[in-house]
Structures are given as C-alpha cells and as structure tokens.
Number of protein chains: 2
Amino acid sequence: MTDALSTTLAALADPTRRAILARLATGEASVNELAEPFDMTLAAVSKHIKVLESAGLVTRGRQAQYRPCKLEAAPMREVASLVEFYRKFWEQNLDQLDTYLKHLQTPKSDTTN
Amino acid sequence: MTDALSTTLAALADPTRRAILARLATGEASVNELAEPFDMTLAAVSKHIKVLESAGLVTRGRQAQYRPCKLEAAPMREVASLVEFYRKFWEQNLDQLDTYLKHLQTPKSDTTN
DNA sequence: GTAGTATTCAACAAAACAGTTGAATATAGA
DNA sequence: TCTATATTCAACTGTTTTGTTGAATACTAC
C-alpha cells in the first residue's frame, strides 16, 4: 500500500479525518480547535492529523506553541481522476434506470407496476 | 467506520482492488480471470472481491460453476461529490502557482529567482 | 526559573486487515 | 456416480490501525 493514491484514499476513509478536513476548508486551525468536536483524546486527534499529513492532505506551520494545520487538497486530484474514469458507468446505469422508468409510464407496458 | 462513504473509500484504498475494478470496467469476469494477474492465492482475491461487494462496487451473478463479477460504479458518486467539494482548493493553489510563475517572468521582478 | 498551554511521544491493548493453507461446497459433464 | 473446475470457508498468522494513558517537549508569560 505504498502508492500515493492508496495512502490518500486510506486517509479519507475515516469520518473523523474527513471532518477534520471539512473544518480546515473553513480556514487554518490548531490541534485543540480541531479536536474539540470529537469524543477522543487529543493524542488520538494528533495521530489522525499525522495520517492526513503523511498523505499530504494537511501541512503545518508554527506560531508560538501552536502548530496550525492547513488544508492541502492537491492529493485529491488523483482521487478525482480515478472516479472520473468510472463516471460513465454510473451515468450509464442511471440512464438505464431512467429509460426503465419512462418505459413503465408508457400506456402499452401497463403491468400494474 | 460504518458509513457507506468510508466503506467505499476503504475498498478503493488498495491497489489490488482498484486493479480488479479496472479489469471489470472492460466487462464481467470470473474470479479466476480476475485473480490471474496477481501473485496471491485465489482465496485472497476472493476476499478482495468480497470487500468490493460489501462496498457495493461489485455485484455477482451465477453461471454454471462461475460467479461472474460485474462493476457497479454507483457508490463512487459519493466519492466524486466529496472530492468535488475540495476542487476549488486545489485549483486555487494551482492559480496561485500560476500567478507566481507569471510574476517571475515579469521584467520588473527580476530577482534571478 | 516557574507555571501554564499546546502538542507529541512511548508503551500498551484491542480490533481490523491481508494473506496462507487445507478442507468444503457447487456445478458440469462423462 | 466419479472427476474436474470454480469458488468459498475456517482456522491461523503476522501486520497495521485506532485508541488509551502518562510522561516529555516546546513555547509563552510572569
């Protein structure tokens, strides 16, 4: 699991970490601020941040005793192109569903559902 | 980690599983066919498929002794909207880089880098 | 230097994960 | 029924992940 994309996806595959990223989308924040909404120790949140940092999704500065975290969305570009590759497949299935639903509405195919 | 998005992302966070999905993008395939490129036992690949199936990324049919796998891209829609939310952030950073590079080219700011 | 706040480290435990092996199940066809 | 092929299950192992606690580090302000 050494590749960057796997690391990024694994980092995103946790609701706590996604919540941290969502918070950072509104601006930089300290570890304490980030930890506040969660029912877990500061050390645990610190570890989550480390995971995000290893994935390149967060960078950190230093201001006095704070180490403010900053969102870095760049690694998500690879995720975007991964899912874009599959877009045609889900859209195709939606089209099929759409066709099916329209088919149900035509008077001819009245199978009572 | 019970939410669907986390399950989807975790399923995608493995190169073997992504390779399986990529193969399935070209059409349905049996477990044996899917396992062929990998240096691991059939049972291991079978487990990977199970993970993909639990995430709803694969469905299976039954034909004779085969259980053909089929790609289901729908769960990726949620991944797409996750990363779309962050698109502005990476594009903004690209813009900043672009601005910076253009700035370097203006005659006035010739600081020799 | 002492006290206070912010953050991380080290050591640990519990759970989840990825892989193996060997036996089991399911189906097809002679 | 017997055999071959396809696939999964159960049990086990080693590794990684997630969380805890208590001590350590880093910086600020008096």
Side-chain angles (χ1 to χ4, degrees), chain A residues 1-21 23-24 27-71 75, chain B residues 1-24 27-72 75:
Chain A
M1 217 263 277
T2 24
D3 64 297
L5 180 52
S6 296
T7 305
T8 303
L9 287 164
L12 292 174
D14 180 286
T16 302
R17 289 194 289 261
R18 288 198 304 279
I20 289 173
L21 292 177
R23 165 65 187 79
L24 290 178
E28 303 194 10
S30 70
V31 179
N32 259 288
E33 286 166 346
L34 291 173
E36 200 261 316
F38 303 110
D39 188 22
M40 80 182 64
T41 59
L42 221 54
V45 173
S46 182
K47 279 189 187 177
H48 278 301
I49 292 170
K50 201 183 215 170
V51 171
L52 292 169
E53 204 180 356
S54 308
L57 288 163
V58 157
T59 52
R60 333 199 48 182
R62 175 164 290 206
Q63 283 175 38
Q65 66 268 65
Y66 305 86
R67 330 263 338 257
C69 298
K70 184 170 176 293
L71 173 66
Chain B
M1 217 263 276
T2 24
D3 63 298
L5 180 52
S6 296
T7 305
T8 303
L9 287 163
L12 292 174
D14 180 286
T16 302
R17 289 195 287 261
R18 288 198 305 277
I20 289 173
L21 292 178
R23 164 66 187 77
L24 289 177
E28 301 193 12
S30 70
V31 179
N32 260 288
E33 286 166 347
L34 291 173
E36 201 261 316
F38 304 109
D39 187 23
M40 81 184 61
T41 60
L42 220 54
V45 173
S46 182
K47 280 191 188 177
H48 279 301
I49 292 170
K50 201 183 215 172
V51 172
L52 292 168
E53 205 181 354
S54 308
L57 289 163
V58 158
T59 51
R60 333 200 46 183
R62 174 164 290 204
Q63 283 176 37
Q65 66 268 66
Y66 305 86
R67 335 202 86 198
C69 299
K70 185 171 177 294
L71 174 66
E72 299 291 342

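First the proteins, then the strands, lettered A, B, ... as listed; each starts at 1. Since this is a predicted model, take the numbers as computed values, not measurements.
- Remark: P of D:dA6 and CD of B:E36 are 13 Å apart, rounded to the nearest angstrom.
- Rounded to whole angstrom, the span from the CG atom of B:L34 across to the P atom of D:dA6 amounts to 13 Å.
- In this structure, B:R17 atom CZ and C:dA18 atom C1' are separated by 9 Å, rounded to whole Å.
- Remark: A:A44 engages A:M40, A:T41 in a side-chain contact (heavy atoms from CB on, under 4.5 Å) (not counting sequence neighbours).
- Closest approach of B:C69 to B:L24, counting heavy atoms only: O-CD2, 3.5 Å.
- Between the CD1 atom of B:I20 and the P atom of C:dA18 there is a distance of 11 Å, rounded to whole Å.
- Considering only residues two or more places apart in sequence or on other chains, A:R17 meets the side chain to side chain donor-acceptor pair (under 3.5 Å) condition with A:H48.
- How far CG of B:D3 is from CG of A:D14: 9.0 Å, rounded to the nearest 0.5 Å.
- The side chain of A:N32 lies closest to C:dT7 when the candidates are D:dA6, C:dT7, D:dT8.
- In terms of the side-chain contact (heavy atoms from CB on, under 4.5 Å) criterion, B:S46 has no residue partners (sequence neighbours excluded).
- When rounded to the nearest whole Å, the span between CG of A:D14 and P of D:dT17 equals 12 Å.
- Nearest nucleotide to the side chain of B:A44, out of D:dT7, C:dG19, D:dT20: C:dG19.
- Evaluation of the salt bridge (Lys or Arg N to Asp or Glu O under 4.0 Å) test over residues 44-58 of chain A, restricted to residues two or more places apart or in two chains, returns none.
- For the side chain to side chain donor-acceptor pair (under 3.5 Å) test, residues two or more places apart in sequence or in another chain that qualify with A:R23 are A:T26.
- A heavy atom lying under 4.0 Å from DNA chain D marks the following residues of residues 45-58 of chain B, by number: B:S46, B:K47, B:K50.
- Atom CD of A:E33 and atom P of C:dT5 are 16 Å apart (whole Å).
- Side-chain proximity of A:Y66 to C:dA18, C:dA6, D:dT20: nearest is C:dA6.
- Taking each heavy atom of A:L9 and B:L12 in turn, the nearest pair found is CD1-O, 3.3 Å.
- Listed nucleotides D:dT7, C:dT8, D:dT18 differ in distance to A:R60; the shortest reach to its side chain belongs to C:dT8.
- Note: CD (B:E28) to P (D:dA6) measures 17 Å, nearest angstrom.
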Tell me which donor-acceptor pairs under 3.5 Å the side chains of residues 56-65 of chain A have, and how far apart each pair is, sequence neighbours excluded?
from: A:T59; atom 1: OG1; to: A:E72; atom 2: OE2; distance (Å): 2.9
from: A:R60; atom 1: NH2; to: A:R67; atom 2: O; distance (Å): 3.0

Inset, instruction - List the protein contact pattern of nucleotides 25-30 of chain D with one symbol per nucleotide (5' to 3'): B for base contact, S for sugar-phosphate-only contact, - for none; contact means a heavy-atom distance under 4.0 Å. - result: -SSS--
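- Regarding A:M40, its CE atom lies at a distance of 19 Å from the P atom of C:dA14, rounded to whole Å.
- Distances shown here put every side-chain N or O of B:S30 at or beyond 4.0 Å from the OP1 or OP2 atom of D:dA6.
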